[in-house]
Structure formats: structure tokens, C-alpha cells
Amino acid sequence: MNARELVLSRIRAALGQAPATAVDVAREYRPAGSAAADLDLLAHRLTDYRATVHRCADDEVAQVVDGILGGGRVVIPPGLPRHWLPDTVATVVDESLTAAQIAAVDGVVTAAAVAVAETGTIVLDAHPDQGRRIITLLPDVHVCVLRTEQIVADVPSALARLAPHRPLTWISGPSATSDIELNRVEGVHGPRNLHVVITTSAEKRERRPGVSGRADPSGEGDSAAEEHRD
């Protein structure tokens with residue numbers, strides 16, 4: 001008997017005989033779609049991560065983008081709805097742009113695939129309205145437009161909407177890391193500034209103090225952020 005056979009025999013002896021009947025496994029976790037999405041929670045998570053949140057109607061997105069990037073050059077994915085863009089920005093459509101060309105613009109505007117209220121996470125899946133991952137990593141400013149129907153309560157609900165074979169980018173706030181002395185450094189792995197524009201139809205929009213334009217549920221302005229871009 002060699003060493004491998006000896007080890008395996010000891011494992012078999014320790015495990016004993018396989019159970020004669022199947023074991024019932026308790027599955028008490030929440031199934032996907034069992035909870036309603038909380039938009040205020042998502043806004044709170046994002047602002048806590050130092051992202052800037054705006055709430056507006058779909059036909060007001062261009063006005064918000066103008067306030068963020070007006071007068072600048074913006075890279076956009078080929079499938080981005082053009083009515084989200086104001087006349088004050090010069091757009092560069094990503095058609096196999098080089099890294100240097102992407103890094104030279106002032107910002108990027110994309111849509112999103114889904115957002116998780118519980119974790120404050122936005123997921124991009126490289127559809128035509130989101131484009132290649134690289135265009136959301138090199139510009140200093142990322143404006144991400146998110147429709148309310150794309151917001152779900154938790155991660156299982158988000159995974160149920162995503163195709164696992166697509167390239168997925170999970171974003172929680174602007175790029176942030178820390179050095180060995182725990183000093184915060186922004187912009188190392190992605191944009192230093194993340195603006196999330198949550199849109200609703202004009203009929204459904206509900207204006208409340210503190211949530212038209214930038215959302216700041218805490219009432220204390222921007223707070224700290226972390227970022228995960230995989």
C-alpha cells in the first residue's frame with residue numbers, strides 16, 4: 001500500500017458507511033424575488049460609498065448629464081439612448097477605441113443591467129447600452145443611468161436576472177483602495193467619481209424633499225465609499 005492508498009483508506013474509515021436514506025437539507029434562505037426593492041436604501045448605500053445619486057424623470061437625464069459633464073468630451077457605448085445626452089457634451093462612440101483614446105475623455109455615460117438595494121451594488125453586463133468594461137474604468141467620471149425597474153432587493157434577485165456567460169462588472173461606489181498605512185486612495189482601479197442617475201417615468205416620479213436631484217438620505221452630504229470592480 002502506497003501513501004495515497006493509505007490516506008484514502010483512513011478517510012473512508014473516518015467517514016463510515018454512506019447513509020441509507022437521503023438527508024433533508026433545510027433551505028430557509030430567501031428565494032430570488034421574495035422581497036421588494038427599496039430605492040431609498042439603494043440611495044443611502046451609494047451615497048455612503050461616496051457615489052453621487054440623482055433622481056429624475058427619464059426625459060431629464062440629459063439635464064443631469066449636462067450638470068456633471070457639460071462642455072466636456074464623453075465616451076459612450078454604441079447602444080446608449082441618445083436622448084440621455086445634452087448638446088453641451090461632445091460624444092465619442094466606443095468603436096474599438098484604444099486605451100489612450102478612452103483615457104483622454106472627460107467621462108463616460110452608460111446604462112446598467114441591474115442594481116442591488118441591499119448592498120448598494122450596480123452590475124454592468126456589457127450589453128450595447130453599457131459597452132466594454134474598459135470604458136468604465138479609464139475615464140475619471142462615470143455617469144451610470146439606472147431605471148427603477150432594474151433595481152432589486154438582494155443579490156439572489158440580481159443573479160436571477162443576469163446571464164452567467166456575460167462579462168459582469170460589479171460596482172459599489174467610485175474606485176477606492178488604501179495603502180499599507182490605510183490612507184484612502186481613489187481612482188486606482190476605476191473612476192474617482194461615480195454618478196448614479198435613477199430614472200422614473202414622468203408620471204411615476206414622486207418629488208420629496210432631499211431626493212430631487214442628488215439623493216442624500218442622511219442629510220449630511222457625501223460620506224465614505226468602497227468599490228469592487230471584478
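Both backbone and side-chain heavy atoms feed into the values below; hydrogens, waters and symmetry mates do not. Keep in mind it's a predicted model, so treat the numbers as computed, not measured.
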Any side-chain heavy-atom pair from [X] and [Y] closer than 4.5 angstrom?
| X | Y | value |
| --- | --- | --- |
| Val123 | Leu162 | yes |
| Ile171 | Leu124 | yes |
| Leu46 | His44 | no |
| Asp106 | Val141 | no |
| Leu85 | Ile76 | yes |
| Thr91 | Arg82 | no |

Quick one: list whatever passes side chain to side chain contact (heavy atoms under 4.5 Å, CB included) with [X], sequence neighbours left out.
| X | value |
| --- | --- |
| Ala115 | Leu42, Ile122, Leu146, Ile151 |
| Val108 | Val75, Thr110, Ile135, Pro139, His142 |
| Ala126 | Arg166, Pro167 |
| Arg4 | Asn2, Leu8 |

What's the shortest heavy-atom distance between [X] and [Y], and which atoms?
| X | Y | answer |
| --- | --- | --- |
| Pro128 | Pro77 | O-CB, 3.2 Å |
| Ala111 | Cys144 | O-SG, 3.7 Å |
| Ala35 | Ala153 | O-CB, 3.5 Å |

I need the Cys56 SG to Gln63 CD distance, nearest 0.5 Å.
8.0 Å

Any chance you could measure Gln130, atom CD, to Thr136, atom OG1, to the nearest 0.5 Å?
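Answer rounded to 0.5 Å: 9.5 Å.
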
Enumerate the residue pairs fulfilling salt bridge (Lys or Arg N to Asp or Glu O under 4.0 Å) with a member in residues 70-80, sequence neighbours excluded, ordered by first and then second residue.
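Matches after skipping sequence neighbours: none remain.
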
Please assess Arg161 against Val152 for the test side-chain contact (heavy atoms from CB on, under 4.5 Å), listing each intermediate value before the final yes or no.
CA-CA 9 Å; Arg161 294 194 181 194; Val152 297; 3.4 Å; yes

When hydrophobic residues are tied together by side-chain contacts of less than 4.5 Å, even through go-betweens, does [X] share a cluster with [Y]?
| X | Y | value |
| --- | --- | --- |
| Val93 | Trp84 | yes |
| Leu80 | Val114 | no |
| Val92 | Val74 | no |

Checking [X] side chain against [Y] main chain: does a donor-acceptor pair fall under 3.5 Å?
| X | Y | value |
| --- | --- | --- |
| Arg132 | Leu97 | yes |
| Arg133 | Leu168 | yes |
| Gln150 | Arg147 | yes |
| Thr47 | Ala43 | yes |

Residues His54, Thr52; criterion side-chain contact (heavy atoms from CB on, under 4.5 Å); working and verdict:
CA-CA 7 Å; His54 310 260; Thr52 302; 3.6 Å; yes

His83 versus Asp58, side-chain donor and acceptor atoms under 3.5 Å:
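Checked: Asp58/His83 side chains pair up, N/O donor to acceptor below 3.5 Å.
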
Side chains of His127 and Asp125: is there a donor and an acceptor less than 3.5 Å apart?
yes

Is it the case that over 12 heavy atoms from other parts of the model lie below 6.0 angstrom from the CD atom of Gln101?
yes

Quick one: hydrophobic cluster around Met1, which other residues, with the 4.5 Å side-chain cut-off, linked directly or via members?
Leu6

Testing Thr199, Val143, Val197 for side-chain contact (heavy atoms from CB on, under 4.5 Å) with Val64, which one passes?
Val197

Among Ile68, Leu69, Val105, the one residue meeting side-chain contact (heavy atoms from CB on, under 4.5 Å) with Val89
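Going through Ile68, Leu69, Val105 one by one, the side-chain contact (heavy atoms from CB on, under 4.5 Å) with Val89 is satisfied by Leu69 alone.
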
Test salt bridge (charged side-chain N to carboxylate O under 4.0 Å, His left out) applied to Asp38 and Arg45, step by step
CA-CA 11 Å; Asp38 186 336; Arg45 293 279 192 263; over 6 Å; no

